[in-house]
Amino acid sequence: MLLPRLSRMVVASLVVPLLAGIPNREMRAAPPVDPIIEAGRQDLATNLLVGNVAAAEGDNAEAARAYGVAAGLAPTFRLFGERAFFYSILAGSPQAAALAHAQPPGVMPELIMGNAAALAGQWDEAVTHYQNAPADQIMGLLRPLLRAWALQGAGKTDEALAALAPAEVDARLGGYYTLHSALIAQLGGMQMRADTLFRQAAEKGSGDLFTTIVMARWLVTQGQEAAARDLINQRIAAMPVLETARGNIMAMLQHPVVSHATQGLAQAYGLVALLIDQQLYAHEGADEDRAAGDAAMEIGTLRGTEQMMLRMALTLDPADSEARLLLSSMLHARKQDRQARAAFDGAPASDPLLPVYRAEQADLDVVLGHKEQAAQELRDLLRQSPDNRTLWSSLGDALLDQQKWPEALDAYQHATALTPHRLEGDDWRLLFGQAIAQERQNHWPQARVLLQHALQLAPNEAELLNYLGYSMVEHGENPALAESYLRRALALAPSDNQIRDSVGWVLMRLGHVAEGLPLLEQSVEQMPQDPAINYHLGVAYWMAARRLEAVNEWQNAIQFQPDPMDRRKITAALDYAHAWQAHRPMALPADLKPVATPPSSPSQPNGTRH
């Protein structure tokens, strides 16, 4: 629990601004204080603190619970209830529907109440809530779809189609609205009308997974099975993660994709989430932690809205595969990997994309440090799909992270052999993984060839440039070219602390101590408990004749659980420093002098993707 580690100043900064707005003078009255009031005040402060910490960590369920308790303790302070409602939506909690009735008028309360009515089969009430939601940009997209599907749920197919007709002329999204009209007509038994609308939707085009599966299913009903397979193959080529479930996806085409109106409602929310995701992708280079003012607020708001849309989609249709994948991807992008993994837990056992979810969870297990579990899961999946190159690549990643170099190399080579075309685009990662595994087995010539091939495919990948430049210096090859690779890597990723450390380390190893030392100091400031970076700074201090500071950094490094190779290097440096202090002659470790000849045992390169 984080509570004991927070200082009183931090507690005050989180809680006092919230308490200050409570219209209850007794809470700020002078002693004596009634014990019951005092206990209530402390309980309120504790739950507000827990709620703030949980929200900051992305634990939305705990944040909703804590703010809900706070709302019960201070019912006249509306903010607590609003926060409980907000975080219950982000958590996908059914409690959101109960809290919605107590919220001030707004889009989200109406949507949540409309969804709850739809799930209860109270379709007329759902239509009313969707209609009552205040107009804004999101409702401009959503309302036609929500209203149409609610009317279809009520058995009013003609009214549903009339509700969508004006939106079908939209220049950008008309094809999507037309597709939904086709599904509504089909669900209402109007197959001829549905066929006409499907043809119109195909002419307008749309590219998400849901649309692909719907159109492929329609092609099957028209006797065009080859065209349906081609459509699915194109989608899998664009989304290789789906390869694991290829057979299941093909089997889906034998059954209607939408069999209930709530599924259509879920897809409406998924549409908005996809559009927001596209907008966020355009902002990819902007980090809200560093962006100023309005830009940071806009990115944060968009992410929160996207997450709420996806949670509502999954509440309405737990089998909405695209929403589940997008939710996990979004959480992973926000470094909420535990929550990203948990996003797959609610999938029904009949979900055709379960193999995809298992593979994604294995990838996340690698990030979370559950390496053995990840490797075992991937091996289990490969027993079912031995020709899946994506699974072999993921297994290579998991084994590389465990420093099982020969096994990782074998997995990457399997993936490469299964590549159906000449290596291109993102295939550089397969070469990069093989290169790391080869280099770590002291097979530098083979690693160099692989790295140079990868660089031809991806000349502007900072981590690749970093690894190649770093390794070249460690192996005494072409220092000038290596330095240019590293400087280019830093220019491409100036905020990457691992790359900054690599550049500083190599500059120092090349004898440019004055230039490399500040970069290493910055790296330690950003990552003060990284043993390799502390070791590098210690070497730089030693070469700058700052002996005591060097020994201090090495002593820090040895405490931060370095890997075996780094531990040997740190221990050797400390032994040499002690011998130097005692005026005992001892061979100078290779790292404590500028590069002259290739060292016999290369050090661990920084900036890998693991």
Side-chain angles (χ1 to χ4, degrees), residues 207-214 216-217 228-255 257 270 314 318-332 337 340-368 370-401 407-408 410-421 423 425-427 429-430 433 609:
D208 64 313
L209 177 61
F210 172 72
T211 300
T212 299
I213 294 174
V214 168
R217 161 63 184 169
R229 284 195 300 272
D230 288 344
L231 203 58
I232 295 298
N233 289 336
Q234 291 170 21
R235 172 53 46 192
I236 293 175
M239 294 177 66
V241 69
L242 300 176
E243 180 62 48
T244 316
R246 177 187 290 273
N248 293 350
I249 294 171
M250 291 298 185
M252 289 174 66
L253 306 186
Q254 304 306 314
H255 309 282
V257 180
L314 289 169
D320 187 339
S321 305
E322 195 162 15
R324 200 170 293 282
L325 287 168
L326 187 55
L327 176 62
S328 179
S329 175
M330 184 205 72
L331 291 168
H332 173 59
D337 294 310
R341 192 188 189 287
F344 295 116
D345 289 342
S350 59
D351 193 316
L353 294 197
L354 277 179
V356 176
Y357 303 158
R358 289 175 63 193
E360 290 292 291
Q361 285 184 316
D363 286 344
L364 288 164
D365 279 334
V366 173
V367 178
L368 291 166
H370 308 151
K371 303 168 189 177
E372 292 288 350
Q373 179 180 333
Q376 187 57 52
E377 181 71 18
L378 289 165
R379 287 191 180 98
D380 289 345
L381 287 167
L382 278 165
R383 277 191 279 272
Q384 302 167 33
S385 305
D387 296 331
N388 188 309
R389 67 188 293 267
T390 302
L391 290 177
W392 280 112
S393 178
S394 294
L395 180 60
D397 292 346
L399 293 168
L400 201 70
D401 206 57
E407 295 95 328
D410 179 71
Y412 286 126
Q413 287 174 337
H414 267 90
T416 303
L418 289 166
T419 302
H421 49 71
L423 294 180
D426 280 351
D427 294 332
R429 294 187 176 278
L430 296 177
R609 56 197 165 105

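All of these numbers come straight from a predicted model, not from anything done at the bench. Scope of the values below: all heavy atoms of this structure, side chains included, with no hydrogens, waters or symmetry mates.
Looking at every heavy atom in both residues, L418 comes nearest to P386 through CD1-O, 4.1 Å.
Applying the side chain to side chain contact (heavy atoms under 4.5 Å, CB included) rule to E372 yields the partners Q402, K404; only residues at least two apart in sequence or on another chain are considered. Applying the side chain to side chain contact (heavy atoms under 4.5 Å, CB included) rule to D380 yields the partners R358, Q376, R383; only residues at least two apart in sequence or on another chain are considered. The side chain to side chain donor-acceptor pair (under 3.5 Å) search around Q373 returns D365, not counting sequence neighbours. Here D337 pairs with nothing under the salt bridge (Lys or Arg N to Asp or Glu O under 4.0 Å) rule; sequence neighbours left out. Every residue two or more places apart in sequence or in another chain was checked for a side chain to side chain contact (heavy atoms under 4.5 Å, CB included) with S329, and none qualifies. Scanning for side chain to side chain donor-acceptor pair (under 3.5 Å) contacts around T416 gives Q434, with sequence neighbours left out. Partners of L354 according to the side chain to side chain contact (heavy atoms under 4.5 Å, CB included) rule, which considers only residues two or more places apart in sequence or in another chain, are A347, D351, Y357.
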>> Working note: R389 + D427, criterion side-chain contact (heavy atoms from CB on, under 4.5 Å); need CA distance, chi angles, decisive distance, verdict.
In response: CA-CA 11 Å; R389 67 188 293 267; D427 294 332; 2.9 Å; yes

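At a threshold of 4.5 Å between non-hydrogen side-chain atoms, the residues Q361 and D345 count as touching. Within the 4.5 Å cutoff, no side-chain heavy atoms of V241 are placed close to those of T390.
Sorted by first and then second residue, the pairs that involve residues 237-249 and meet salt bridge (Lys or Arg N to Asp or Glu O under 4.0 Å), not counting sequence neighbours, are E243-R246. Note on residues 370-397: pairs passing ring-ring contact (aromatic ring centres under 6.0 Å, His included), not counting sequence neighbours, are W392-H414.
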